[in-house]
Undergrad: 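After the structure tokens below, expect a handful of questions from me.
We use all heavy atoms of the structure for the numbers below, so side chains are in, but hydrogens, waters and symmetry mates are not. Quick note on labels: first sequence line is chain A, next is B, and so on, each numbered from 1.
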Protein chains: 2
Amino acid sequence: MADYRAPVKDMLFVINELAGLAEIAALPGYEEATPDLVEAVLEEAAQLAREVIAPTNIIGDEKGTHVVDGQVIVPPEFHAAYKQYIDGGWPGIGCNPEFGGQGLPALISVAVEEMLQSANLAWSLCPLLTHGALHALEAHGSDALKAIYLGEMIAGEWTGTMNLTEPQAGSDLSMVRTNAVPDGDAWRVSGQKIFITWGDQDITENVIHLVLSRTQDAPAGVKGLSLFLVPKYLVNEDGSVGERNNVTTVSVEHKLGIHGSPTCVLDFQNATGYMLGAEGDGLACMFTMMNSARLSVGLEGMSVAERAYQHALEYAADRVQGRAPGHEGSVSILEHPDVRRMLLTMKSEVEAMRAVAYVAIGHLDHAARSGDPDLQVFHQARVDLLTPIVKGWITERAQELTSVGVQIHGGMGYIEETGAAQYMRDARILTIYEGTTGIQAGDLIGRKVLREQGTTLTALLDEIDALAGGLDGELAGIGSALSSANSDARESLTWLLANHASDPTIPGGVSYHFLMMLGALFGGWQLARAASIAADKLAGGTVDNDFYKAKILTAKFYAEQSLPRVVAHARSIQSGSATMMAVTLDQLRGE
Amino acid sequence: MADYRAPVKDMLFVINELAGLAEIAALPGYEEATPDLVEAVLEEAAQLAREVIAPTNIIGDEKGTHVVDGQVIVPPEFHAAYKQYIDGGWPGIGCNPEFGGQGLPALISVAVEEMLQSANLAWSLCPLLTHGALHALEAHGSDALKAIYLGEMIAGEWTGTMNLTEPQAGSDLSMVRTNAVPDGDAWRVSGQKIFITWGDQDITENVIHLVLSRTQDAPAGVKGLSLFLVPKYLVNEDGSVGERNNVTTVSVEHKLGIHGSPTCVLDFQNATGYMLGAEGDGLACMFTMMNSARLSVGLEGMSVAERAYQHALEYAADRVQGRAPGHEGSVSILEHPDVRRMLLTMKSEVEAMRAVAYVAIGHLDHAARSGDPDLQVFHQARVDLLTPIVKGWITERAQELTSVGVQIHGGMGYIEETGAAQYMRDARILTIYEGTTGIQAGDLIGRKVLREQGTTLTALLDEIDALAGGLDGELAGIGSALSSANSDARESLTWLLANHASDPTIPGGVSYHFLMMLGALFGGWQLARAASIAADKLAGGTVDNDFYKAKILTAKFYAEQSLPRVVAHARSIQSGSATMMAVTLDQLRGE
């Protein structure tokens, strides 16, 4: 079994060279984020991920979680890992210093997040949901609520959850039925929520639920929804944990993967809750959590694919089987061209994903801290455009990449003890939760492109053209592939702008291909940037030749093997939606 | 949970119209195969599949199999289903009448096979392996061996297995170490075999193992391998089952899927065996089983995708969530364009797969029975070309299609009780066993294309061009998409023929894309044929309007959404293998 080794070198390259750490460190409050500090933080986090968290991955998969008397029990190894995680001060690395956080840029904390996710995806969801909840609390909670809850959550002493889904309300939150009635300063929340990630656990002394609920006499639909903070245990005035609130864990789901993450059915019966934000603003408040959670889930796709890649690479390097051109006798399967194709597909796409995700998160830092309103608008528009792509494209590709990881193992990949299949099972949730790929694609094409007639996207395509046109010498092939893909994408955008109004089913019908097309293109864009920087470093006589040469090869491989998918998606887009809408249910049934 | 309903209408369309049942029924010995008989057989098999086999699918997944005292125990529900299967005479439907079979063309038995596979993939592997083994026995066994074993296996009273893999010998069978020493007329076989599908069971009174083994003083490599029949129980002279042979089941694997299929580690200790074929011809004899098994595994990919499609369709028709263009209020998710895209992706690709696979099997019938040697050569060349494509392309696409099936279910898809995830887990073995996709792709590009400078393939591309050129009216869009894809494929073939000799890593490096390109193209070819026939029927005033109109829509959808992948593969092919071969292990490790 291959250990997990965090790809610190690539992370630092992306942080420094592609996402522009220097500019971010120049923003107010981020002065601490020097290259040396960042490297030290990443090295330390890499050790935690490798030595403490990663060994719990298979344990969690095998043992899973269960419910005893309305209380979720998780594997004891998870407790020990979590203790080291909070003792090291890791939960607060990117959080508000006013409440005990370290206030580092998101661009740094994302690297730590990646490592935790690669080390143990199921375990990492506990801190991730806590961060989502505490950010919503920070943005929308009263000072009194923040004083009680925020510090404990930033310290990781209490964890947080997001309670949205109900059996009849999945992607469509207008159907939420959980209701809240006022009771003095507080509210009484009643209803049943399903699919609550880390909805309960026995690691920390409290769990803070954020619950989307309908208030009495509220209008139907999403405008009637408000957000409530509902603690598992009520908190006394001195901040100590008091009596149990009326929240019970009914069951945990039996899932395909992320077995170490308890997915709970929670029952609220007149549970005491506190409103966050204004009445009726529940969905808006929830989206504070959701947008950052969507970037995080995109990151999860990359992280699990990175781990799968490392696993497959070490297997391929060890496994001797067959003969290969240019070699005497039996060789490791790494020498078979088709195995190299699979490994490089994994490597190049993971690096493309990392670059796109980290760059998006760099824009988030700029949008949050830039003093120039125009720059804030610019960076926020990039974040908005990139968020559904990071979530949708990365998690979709993670399905194929983790499956390729299984394939490289041959028959051994199908045996659970090998560990390769777990990544694939774990990854399968990622295109579903925090908004399915269909939801992301609809958000992208509707809110992020059509609503502004493609302004932000067009500017970005112009930027890609400028980059592609400047690539020459050994990068000329990358440049022409990128330029060709960019033209295909531009043509699709033009087609969409010209045609979408003619048929209201067009945006939904072409949205998946639009998202996947832009993901593939943006991956190529960032790898081309990386190759260009690497070529400059090599020309400048840098010492780390191997790494920079690999960057160029990886970008080339991606240009050869992944960028061609852009034209395929573009053609599907320009076919519109008429055919798919014409088929009847009887015809779908073959009758 | 949706029941399984065999797509008899589409099967009959493919059998009659695309694979040409009438021509096959004109071959000697196949006169019985009239359209009426075929329809009756399919309807009866559909009932067996639906009522008897399909209900065991989830049971097998949940209960799995286990070993007690060296004996595999399978779920009791499997025994009952198997009894009805053999009582109905189904095992012998395509087998030699001389030994009790019914001698129907493979084109008919394949439809029955598809139904069993859709109903319960894990269970269906038991008959499948038995058929592989009995075909090898029939082709290479002595009359004495056939007299003892063949009738029992055709009746399904005894099952059969294929024993190839050893820990150090997976794709590379030259590494096999199991050995056999002569002992009178028989041999003593010793060694350990792994990954033996249905290597043992407690349903029938005997299990007949075909074991690839090295003989004493045999040359190294595959030329030293011979094939042995090794029964679990020795057979007395009167044909009754005698004492236990020295074959023990050491364990069954804990796998990602096909839990109902015992994947065994078998230990042979001086077990009594009988040679099939000549000494040193083991691999050739094994390939008798393997080629037909590869077509069957391709079929498995289609069958499990068909089942996943039915499951997803019924969920989508039932699940009310969200709003859709042109509808008032909440709608079933079937009305969302992106859900239709997913469903039609499944439907169109499954129908493309069925058409390609059945057409390949129709060629098999012609090759076996045609009196004209030129025609035999023609049909056999088609079978040879299509076999790795049916195996490789269908099983690769089955990964995505079963995953799309999960996606359509949203969060419910990730919950095991829903059943959608099982198809995905079950499907994952299909690109691995009976030769990985890499092995299929190598076989295609090396033995089936380069060895004959693309003769068979070129003729087929000419045929596609002729078809595409003749599509007009409402089929014009299909024609131009097919023609464009065909040009891309031809260009890739030309490139390959011109360049492969310049670098021995090119065939292996581009083989995957070559296989996937041809699969996507051939799927489009068969659906275009189907659309053309459907248009003629509609013009002729046929009554089954809905079915034939759906055929045209399905072909259109495929042309819009799947055929564009051809150009992406073509571009990757023409990038060659230089980039993938240039990267070092240290670079792959990111060091």
Side-chain angles (χ1 to χ4, degrees), chain A residues 7 9-10 170-172 195 253-256 313 317 321-322 325 336-338 340-341 343-344 347 399 403 406-407 410-411 414-416 421 428-429 431-432 436 438 504-505 508-509 511-512 546 550 553 556-557 560-561 564-565 567-568 571-572 575 577 579-580 582-583 585-588 590, chain B residues 7 9-10 170-172 195 253-256 313 317 321-322 325 336-338 340-341 343-344 347 399 403 407 410-411 414-417 421 428-429 431-432 436 438 504-505 508-509 511-512 546 550 553 556-557 560-561 564-565 567-568 571-572 575 577 579-580 582-583 585-588 590:
Chain A
K9 205 182 262 192
D10 194 54
S171 295
D172 183 0
F195 295 163
E253 305 290 355
H254 173 219
K255 306 186 301 294
L256 175 60
L313 174 59
Q321 195 77 179
H336 294 299
D338 188 57
R340 286 182 160 253
R341 178 192 60 78
L343 287 168
L344 274 161
K347 178 182 166 67
Q399 307 308 315
S403 180
V406 171
Q407 188 70 16
Y414 204 61
I415 307 299
E416 286 287 4
R428 192 63 198 83
I429 190 58
T431 60
I432 298 172
T436 62
T505 67
S511 61
Y512 168 82
D546 245 28
L553 288 169
K556 262 187 166 164
F557 184 85
E560 292 167 359
Q561 303 261 335
R565 288 203 308 271
V567 66
R571 289 189 190 175
S572 294
S575 303
S577 57
T579 308
M580 67 186 86
V583 181
L585 178 57
D586 277 353
Q587 286 177 323
L588 287 168
Chain B
K9 204 182 264 193
D10 195 55
S171 295
D172 183 1
F195 295 163
E253 304 291 355
H254 173 219
K255 306 186 299 295
L256 175 60
L313 174 60
Q321 195 77 178
H336 294 297
D338 188 57
R340 286 183 161 253
R341 178 192 61 78
L343 287 167
L344 274 161
K347 177 181 165 69
Q399 307 307 315
S403 180
Q407 187 71 17
Y414 204 60
I415 308 298
E416 286 286 4
E417 284 79 358
R428 191 63 197 85
I429 190 59
T431 60
I432 297 172
T436 61
T505 66
S511 60
Y512 167 83
D546 244 27
L553 287 170
K556 261 188 168 161
F557 184 85
E560 293 168 358
Q561 302 260 336
R565 287 202 309 269
V567 65
R571 289 190 189 175
S572 294
S575 303
S577 58
T579 308
M580 66 186 85
V583 181
L585 178 56
D586 278 353
Q587 287 177 322
L588 287 168

Undergrad: Test of understanding: with salt bridge (Lys or Arg N to Asp or Glu O under 4.0 Å), list the residues that count as partners of B:R571, not counting sequence neighbours.
TA: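 Partners of B:R571 under the salt bridge (Lys or Arg N to Asp or Glu O under 4.0 Å) test: none.
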Undergrad: Minimum heavy-atom separation for A:I432 to B:G411, with atom names?
TA: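 For A:I432 and B:G411, the tightest heavy-atom pair comes out as CG2-N, 3.3 Å.
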Undergrad: Which bit of B:S577 comes within less than 4.5 Å of chain A, counting heavy atoms only: side chain, backbone, both or neither?
TA: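 Contact with chain A is absent: no heavy atom of B:S577 under 4.5 Å.
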Undergrad: Can you tell me how far apart CE (B:M580) and CG (A:D338) are? Round to the nearest 0.5 Å.
TA: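 Interatomic distance, B:M580 CE to A:D338 CG, rounded to 0.5 Å: 8.0 Å.
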Undergrad: Mind listing the closest non-hydrogen atom pair of A:P325 and A:P337 along with its distance?
TA: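 Minimum heavy-atom contact is CD-CD, 4.4 Å.
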Undergrad: Measure A:K255 against the heavy atoms of chain B and call it side chain, backbone, both or neither at under 4.5 Å.
TA: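 Both parts, heavy atoms under 4.5 Å.
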Undergrad: So which of B:K556, B:K347, B:H254, B:K9 has the biggest tally of heavy-atom pairs under 4.5 Å with chain A?
TA: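 Among the listed options, the one with the most contacts to chain A is B:H254.
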Undergrad: Side chain, backbone, both or neither: which part of B:A582 has a non-hydrogen atom closer than 4.5 Å to chain A?
TA: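 Both parts, backbone and side chain.
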Undergrad: Does any backbone or side-chain atom of B:F195 lie under 4.5 Å from a heavy atom of chain A? Answer side chain, backbone, both or neither.
TA: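 The side chain, not the backbone.
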Undergrad: Show the nearest heavy-atom pair for residues B:D546 and A:Q587, with the distance to one decimal.
TA: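 Closest approach of B:D546 to A:Q587: O-NE2, 3.0 Å.
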Undergrad: Contact part of B:D10 toward chain A, heavy-atom cut-off under 4.5 Å: side chain, backbone, both or neither?
TA: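 For B:D10, neither part sits under 4.5 Å from chain A.
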Undergrad: Quick check on the interface: out of B:P7, B:G170, B:A317, who has the most heavy-atom pairs with chain A under 4.5 Å?
TA: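 Answer, by heavy-atom pair count under 4.5 Å with chain A: B:G170.
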Undergrad: Using a cut-off of under 4.5 Å for heavy-atom pairs, which of A:Q399, A:Q561, A:R565 has the most such pairs with chain B?
TA: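 Top option by heavy-atom pairs under 4.5 Å: A:Q561.
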Undergrad: Hey, which of B:V583, B:T579, B:L256 has the most heavy atom pairs under 4.5 Å with chain A?
TA: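 It is B:L256.
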Undergrad: Given the options A:L588, A:L585, A:T431, which has more heavy-atom pairs under 4.5 Å with chain B than any of the others?
TA: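 Maximum pair count with chain B is reached by A:L588.
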Undergrad: When rounded to the nearest 0.5 angstrom, what distance separates CZ in B:R341 from OG1 in A:T505?
TA: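 Reported to 0.5 Å precision, the distance equals 13.5 Å.
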Undergrad: At a heavy-atom distance under 4.5 Å, which candidate from A:V406, A:L343, A:D586 has the highest pair count against chain B?
TA: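 Heavy-atom pair counts peak at A:V406.
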Undergrad: Against chain B, work out which of A:G508, A:S511, A:A421 has the most heavy-atom pairs shorter than 4.5 Å and name it.
TA: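 The residue among A:G508, A:S511, A:A421 with the greatest pair count is A:G508.
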Undergrad: Using atom types as modelled and distance alone, determine if a side-chain donor or acceptor of A:D172 lies under 3.5 Å from a backbone N or O of B:G322.
TA: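 It does hold such a pair.
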Undergrad: Using non-hydrogen atoms and a 4.5 Å limit, figure out which bit of B:L313 sits close to chain A: side chain, backbone, both or neither.
TA: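 Just its side chain gets close to chain A.
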Undergrad: Counting only heavy atoms closer than 4.5 Å, note whether B:H336 contacts chain A via side chain, backbone, both or neither.
TA: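 For B:H336, no heavy atom lies under 4.5 Å from chain A.
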